[in-house]
K.L.:
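Provided herewith is a single structure, encoded as structure tokens, for subsequent inquiry.
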Amino acid sequence: MSIDHEFPLSEAAARFIAAPKKNLIGGHWCEAQSGLTLDVRNPATGEVFARVPAADAADIDQAVRAARSAFESQGWRGARPIDRERWLLKLAELVEANAQELAEIETLDNGKPVTLARRVDVTQAADFLRYIAGWATKIEGSTVEASAPAFRKNEFFAYTRREPVGVVGAIIPWNFPLLMAAWKVGPALAAGCTVVLKPAEDTPLTALRFAELALEAGFPAGVLNVVTGFGHIAGAALAAHPGVNKISFTGSTQVGKLIGKAAMDNMTRVSLELGGKSPVIVLDDADPKAAAAGAANAVFFNMGQVCVAGSRLYVQRGIFDAVLEGVSAGAQKLRIGPGLDPNSQLGPLVSEKQMNRVRGYIQSGIDDGGRVLTGGERIGERGYFVKPTVLTGLGEQARIVQEEVFGPVVVATPFDDLDEVVKLANSTPYGLAASIWSNDLKRVQRLIPRIEAGTVWVNCHGVMDNALPFGGYKQSGIGREMGSSLIDHYTETKSVLMML
Ligand code: NAI
Ligand code: MG
């Protein structure tokens, strides 16, 4: 097993990569009961550089039991909200203290530029943990003035309390592995739940390092369990396990539906953050240069492997050519290379499978009559690099316009008026996000309520705020993450009515 020697790793990352990888269950590091492992590949080279346990239903069952017993343990039940807050703050600190190591592991595993991993994934994970830590001490019920049919007047006391939902199964994707782990684990622990986390098979490593840090932060054994394995085996077992009270999933709409159905059999609570096909809408008062830079970043950031990627670009006709020229020029200027090279702005796609999927979509766009303005091809034969690609000349029914590509590919289309662009923007099954580029307040304000999307950005795209609810309309999911919505996600409401 080897890693790219051109770009050496920090000592800490090299040590972690070289060590045997095990699952964390009930505070113990263990192999899969079957003894099976799965290969972890470096997307920049295609080489296998690590192996992790390939868990199955037996390991998942063991982890769910460990999470249940931790949930009922005095060490966790008896912990005060401020203890949970302190542990989460400590975890945030440890993520920051090990930022470079985590960023390098993420880059080896996912392919993304190490500078991006450090600046975005690791920094945002630490910030988010810090934000959510504060919620642990701010979970509130309310007192209610009861009008219940009384035997005696005014002799009731009624209130609600929030209780942790129980054992949480978290299934996360490979595009922001550490950040997604923090998004799921942080709020569950803040609310007093316990967790079984199943990272994506393509990128299992930072979740394991995160679990080490959680132990170091002082969380009791069994509160966080991490089980690596394939989605259709370990993930499916977790979604269907009757001992899980809530499933929190981020990934494809297709798998989200399977998970939702499996969860329903046990009435397991479920929240789903799924795919998107987010429109970038540029009105003709916008500065074409600024809009082009924004549109390029909206789709090429993280190689387009982003649920909110701005993969459909709608530009008002008067400035269509200027914006398109800017986006194409921007695409050509991006420095593409191995993620460990600090000069790379774009890395490879996460896997051969993803690369082939993206290339298949580009081909379908060409077959449907689209014109490639720039990109369209793989780069080299080693690793999973695809050129940033801009297509135009496609109708709304083209597959590449309707379906999530999850790669550095944008389809640009001109429009004439607001009614037309509203129709275009809402024409896919998805509804995760959208951005509008304009300083014409009237037109912007008229558009916002008409766009079917959980988030609308104005003059920016993809900016996430820990305090703003995030989630999808339509087939982009169910429920909202971030902000106070998180507490709703991971708690049950108990109503108490006392006759005095
Ligand atoms: P996926 O939805 O299969 O993977 C996400 C997670 O679900 C992984 O942890 C995987 O192990 C797990 N999983 C897979 N099958 C499962 C099952 N039957 N039961 C339970 N868990 C299961 O996504 P995949 O196949 O890696 O990527 C395919 C497409 O999905 C991408 O091209 C993209 O369009 C979309 N996607 C969207 C993401 C988002 O953030 N919205 C993230 C990842 C993928
Ligand atoms: Mg990988």
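When a ligand or atom number is given, it counts from 1 through the structure's own listing order.
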K.L.:
Write out the residue and atom name of the closest protein heavy atom to atom 28 (C) of ligand 1, then the distance separating them to 0.1 Å.
P.N.:
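Sorting protein heavy atoms by distance from atom 28 (C) of ligand 1 puts R357 NH2, 3.1 Å first.
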K.L.:
Take L129 and F210 through the test side-chain contact (heavy atoms from CB on, under 4.5 Å) and record every step on the way to the result.
P.N.:
CA-CA 12 Å; L129 290 168; F210 185 68; 3.9 Å; yes
K.L.:
Between K184 and T250, do the side chains contain an N or O donor and an N or O acceptor separated by less than 3.5 Å?
P.N.:
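Per modelled atom types, K184 and T250 side chains form a pair under 3.5 Å.
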K.L.:
What atoms in ligand 1 come closer than 4.0 Å to a heavy atom of A200?
P.N.:
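In order of numbering, the contacting atoms are 8 (C), 9 (O).
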K.L.:
Strictly under 4.0 Å, does any heavy atom of Q305 approach an atom of ligand 1?
P.N.:
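No, Q305 has no heavy atom closer than 4.0 Å to ligand 1.
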K.L.:
Heavy-atom contact check, 4.0 Å cutoff: does A239 meet ligand 1?
P.N.:
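Under 4.0 Å: no for A239.
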K.L.:
Compute the minimum heavy-atom distance from F249 to ligand 1 and say whether it is under 4.0 Å.
P.N.:
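Contact check F249 vs ligand 1: positive.
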K.L.:
Number the atoms of ligand 1 from 1 as they appear, then name those within less than 4.0 Å of a heavy atom of A236, with their elements.
P.N.:
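Counting atoms of ligand 1 from 1, those under 4.0 Å from A236 are 19 (N), 20 (C).
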K.L.:
If I compare all heavy atoms of V358 with all of F406, which pair ends up nearest, and what's the gap?
P.N.:
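That closest heavy-atom pairing would be CG2-O, 3.7 Å.
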K.L.:
Can you find a protein heavy atom under 4.0 Å from atom 4 (O) of ligand 1?
P.N.:
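Under the 4.0 Å cut-off, atom 4 (O) of ligand 1 has no protein heavy-atom neighbours at all.
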K.L.:
Using a 4.0 Å cut-off to any heavy atom of P173, which atoms of ligand 1 qualify?
P.N.:
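Atoms satisfying the 4.0 Å criterion: 42 (C), 43 (C).
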K.L.:
Which distance, rounded to the nearest 0.5 Å, do you find between the CG of N302 and the NZ of K112?
P.N.:
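Here the interatomic distance stands at 4.0 Å.
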K.L.:
Just jot down the ligand 1 atoms closer than 4.0 angstrom to any heavy atom of I171, in number order.
P.N.:
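It comes down to these atoms of ligand 1: 6 (C), 7 (O), 9 (O), 12 (C), 21 (N).
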K.L.:
Provide, to 0.1 Å, the distance between atom 34 (O) of ligand 1 and the closest protein heavy atom, together with that atom's residue and name.
P.N.:
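Nearest neighbour among protein heavy atoms for atom 34 (O) of ligand 1, to 0.1 Å: E404 OE1, 2.6 Å.
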K.L.:
Show me which atoms of ligand 1 lie under 4.0 Å from any heavy atom of I172.
P.N.:
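Close to I172: 6 (C), 8 (C), 9 (O).
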K.L.:
Could you go step by step and tell me if R209 and F16 meet the side-chain contact (heavy atoms from CB on, under 4.5 Å) rule?
P.N.:
CA-CA 8 Å; R209 185 68 184 109; F16 175 82; 3.6 Å; yes
K.L.:
Just distances here: any N/O of E273 and N/O of ligand 1 closer than 3.5 Å?
P.N.:
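The answer is no, given that E273 and ligand 1 share no N or O pair closer than 3.5 Å.
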K.L.:
Give the numbers and elements of all ligand 1 atoms closer than 4.0 Å to a heavy atom of L274.
P.N.:
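By the 4.0 Å cutoff, the relevant atoms are 41 (N).
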